[in-house]
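Note that the structure is predicted; figures quoted are calculated from it, not measured.
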Amino acid sequence: ETVIDVLFSAGARVAFHATHQGLYAGGYDDIDSARIGDAATLRVAGMLTTQNGGITEARIFSDRLGLYRALRKPLAGGSPP
């Protein structure tokens, strides 16, 4: 599920912040594989440029460090991964 938290436009520029929630599918080599399938949240922010009704430029940044840190928290009843 993706939720647009903030959306703001001024002229041809659009800024946004969104939160994407889903299941962790892997990708970090040092995260315990037991975490695959766990609920995960990834936050993103971006700036878009539009022209003639389309997007001509996009710069989108994700908080992969925040996701990584959340996945590094200890499993319930266990030690840190």
Side-chain angles (χ1 to χ4, degrees):
E1 174 184 25
T2 300
V3 175
I4 304 296
D5 302 311
V6 177
L7 181 66
F8 177 80
S9 66
R13 302 300 299 265
V14 177
F16 70 91
H17 181 275
T19 303
H20 180 73
Q21 294 182 329
L23 301 178
Y24 177 61
Y28 290 111
D29 292 338
D30 58 341
I31 297 293
D32 189 337
S33 62
R35 294 288 187 168
I36 293 175
D38 282 2
T41 300
L42 179 65
R43 291 172 178 80
V44 297
M47 180 78 73
L48 311 173
T49 302
T50 62
Q51 185 177 10
N52 299 325
I55 297 172
T56 58
E57 183 179 4
R59 300 202 182 247
I60 301 172
F61 304 91
S62 63
D63 182 17
R64 289 179 47 88
L65 179 58
L67 173 60
Y68 176 83
R69 287 179 174 165
L71 291 168
R72 293 283 299 172
K73 289 181 181 175
L75 292 167
S79 59

**Message:** To check you understand the geometry: which heavy-atom pair defines the closest contact between L42 and S62, and what is its length?
**Reply:** CD1-CB, 4.0 Å
**Request:** Could you tell me which non-hydrogen atom of S9 sits nearest to which non-hydrogen atom of V14, and how far apart they are?
**Result:** CB-CG2, 4.0 Å
**Item:** Partner set under ring-ring contact (aromatic ring centres under 6.0 Å, His included) for F16, not counting sequence neighbours
**Value:** none
All side chain to side chain contact (heavy atoms under 4.5 Å, CB included) counterparts of [X], not counting sequence neighbours:
X: A70; answer: none
X: V3; answer: E1, D5
X: S33; answer: I36

**Message:** Can you pull out every ring-ring contact (aromatic ring centres under 6.0 Å, His included) where at least one residue sits in residues 33-59? Sequence neighbours excluded, please.
**Reply:** none
**Request:** Keeping to residues at least two apart or across chains, list the ring-ring contact (aromatic ring centres under 6.0 Å, His included) pairs with something in residues 27-62.
**Result:** Y28-Y68
Side-chain atoms of residues 46-56: list all donor-acceptor pairs with protein atoms under 3.5 Å, sequence neighbours left out, distances to 0.1 Å.
residue	atom	partner	partner atom	Å
T49	OG1	R13	NE	3.1
T50	OG1	A12	O	3.2
T56	OG1	T49	O	3.2

**Message:** Does anything in residues 45-65 form a salt bridge (charged side-chain N to carboxylate O under 4.0 Å, His left out)? List the pairs, not counting sequence neighbours.
**Reply:** E57-R59
**Message:** Would a single hydrophobic cluster contain both I60 and V6, if residues Ile, Leu, Val, Met, Phe, Trp and Tyr are joined by side-chain heavy-atom contacts under 4.5 Å?
**Reply:** no
**Prompt:** In Å, rounded to the nearest 0.5 Å, how long is the span from CG of L7 to NE2 of H17?
**Reply:** 12.5 Å
**Fill in**
R69 meets the salt bridge (Lys or Arg N to Asp or Glu O under 4.0 Å) criterion, sequence neighbours left out, with none
